[in-house]
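A quick write-up on the structure given underneath.
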Amino acid sequence: MTSDLPLVDAHHHLWDLDERPQPWLDDPALTTIRRTFTPDDLRTTATRTVAGRRLHSTVAVQCIPDVPETEDLLALAEREPLIGAVVGWADLTSPTIGEVLDRLLAGPGGTHLRSLRHLVQGETDPDWLQRPDVERGLAAMRDRGLRYDVLVRSHQLGQAIRLAERFPDLPQVLDHAGKPPIADGDLADWERQMSLLAAHPHVVCKVSGLITEADHERWTTADIRPVWDILLTAFGPDRLMFGSDWPVANLAGGWNGWAATVDELLDGCSANEIHAVLAGTATAFYRLPACS
């Protein structure tokens, strides 16, 4: 019997290639996801339950550094009941960042804007998040009640730790658990950085994007479990949230494959701990409508 309790997907993407190009999809390795993905596609795909829960609401996350894409996502959230919140993009380095944020918040679907994200993983500056112009932008976000999604690779986690230190009043979530080097198998440095980051209580973490950091063809739950155990110890269930990273997850098993893995990982957790990971943490962080 399926539970009526909710499942929140705290991290997925949507794009319509007829409306807005996604240049990053030109990579030959991404051929299988080089097509349009809509909320209806997600509904059709996300059929697997996790701890008996079916998909209830989602957080749609930006892909490209483009304000019009954020406007598209906000307008979509306005008419699409599945989407509870949007993580958008705006140029944090711009001297007019405040005006841009005010316009987004006041525009169609603006009440769904809860966080911003920048693809720091693609920046070569090892101190990008500590640049004065970036910090000015982060302060403008904070002052408008927004959160920040931190997207870094494992070798950039020092930036995330310094961000947490310098902005203790800005709620932050680490996307994809900082992209641990699962395929390489050496998690020691990543684990040390996770422990340092988790020492900051205003930082939470997404259990997402892990299967694409593993061997796409041969990964098993056993490959993911060490990462899960480290995250559970460092952050605790009340600071972890489930995310699918769909449709990027299609490269390595898809929404249902990842959901089945999370179901296994949660075995042994209490009902309260399961609720935190599958709905509670995301609901609180992104200020989603209350889940039972």
Side-chain angles (χ1 to χ4, degrees), residues 3 5-12 46 48-53 55-59 61 84-85 87 114-115 117 147-152 154 157 160-161 163-164 170-180 182 187 190-214 221 223-246 249 255 257-288 290-292:
S3 168
L5 292 174
L7 171 63
V8 175
D9 184 344
H11 194 106
H12 73 89
R48 178 67 160 78
T49 63
V50 184
R53 298 166 179 239
L55 186 61
H56 174 272
S57 62
T58 73
V59 178
V61 180
V87 177
R114 305 295 162 75
S115 183
R117 185 175 84 148
R147 282 89 169 93
Y148 187 63
D149 273 57
V150 183
L151 179 62
V152 294
S154 58
L157 281 166
I161 294 166
L163 172 65
L170 172 64
Q172 299 157 41
V173 59
L174 180 65
D175 286 359
H176 310 323
K179 299 200 167 187
I182 298 172
L187 298 175
W190 172 83
E191 180 177 7
R192 182 180 64 82
Q193 302 275 43
M194 284 296 99
S195 178
L196 294 172
L197 185 61
H200 300 276
H202 60 293
V203 180
V204 299
C205 181
K206 289 184 182 179
V207 184
S208 63
L210 300 183
I211 55 178
T212 49
E213 297 304 315
T221 302
D223 297 313
I224 308 300
R225 190 174 297 280
V227 171
W228 164 253
D229 290 343
I230 290 166
L231 293 175
L232 195 60
T233 298
F235 287 93
D238 289 337
R239 292 167 61 201
L240 297 176
M241 63 178 81
F242 165 80
S244 68
D245 198 27
W246 178 89
W255 201 99
W258 175 235
T261 296
V262 173
D263 210 4
E264 289 185 56
L265 295 174
L266 289 170
D267 186 43
C269 291
S270 70
N272 286 341
E273 291 170 339
I274 291 170
H275 181 73
V277 175
L278 298 184
T281 303
T283 297
F285 185 83
Y286 287 114
R287 304 195 308 274
L288 302 172
C291 294
S292 301

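Numbering of residues begins at 1 and proceeds along the displayed sequence. Keep in mind that what you see is a predicted model, and the values were worked out from it rather than measured.
In this structure Asp175 satisfies the salt bridge (charged side-chain N to carboxylate O under 4.0 Å, His left out) test together with Arg117, Lys206, sequence neighbours excluded. Partners of Ala284 under the side-chain contact (heavy atoms from CB on, under 4.5 Å) rule, at least two apart in sequence or in another chain, do not exist in this structure. In terms of the side chain to side chain donor-acceptor pair (under 3.5 Å) criterion, residue partners of Ser115 (sequence neighbours excluded) are, by chain and number, Asp149. Residues satisfying the ring pair (Phe, Tyr, Trp, His ring centres under 6.0 Å) criterion with His12, sequence neighbours excluded, are absent altogether. By the side chain to side chain donor-acceptor pair (under 3.5 Å) test, Arg287 is found to be paired with no residue, residues two or more places apart in sequence or in another chain being considered. Checked against salt bridge (charged side-chain N to carboxylate O under 4.0 Å, His left out), Arg225 has no partners two or more places apart in sequence or in another chain. When the side chain to side chain donor-acceptor pair (under 3.5 Å) test is applied to Thr281, no partner is found at least two apart in sequence or on another chain.
Legend: salt bridge (Lys or Arg N to Asp or Glu O under 4.0 Å) pairs involving residues 258-278, not counting sequence neighbours, sorted by first then second residue: Arg48-Asp263.
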I'd like a table of donor-acceptor pairs (distance under 3.5 Å, sequence neighbours excluded) in which one partner is a side-chain atom from residues 196-205, with atom names and distances.
from	atom 1	to	atom 2	distance (Å)
His202	NE2	Ala164	O	3.1
His202	NE2	Phe167	O	3.2

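In this structure the side chain of Leu163 reaches within 4.5 angstrom of the side chain of Tyr148, judged on heavy atoms.
Ser208 and His11 share no side-chain donor-acceptor pair at under 3.5 Å. A side-chain N or O of Asp9 and one of Trp255 form a donor-acceptor pair less than 3.5 Å apart.
Trp258 and Ser244 make their closest contact through CD1-CA, 3.8 Å (heavy atoms, listed as atom of the first residue, atom of the second, distance).
Both the sub-6.0 Å distance and the 45° axial angle are satisfied by Arg147 relative to the ring of Phe285.
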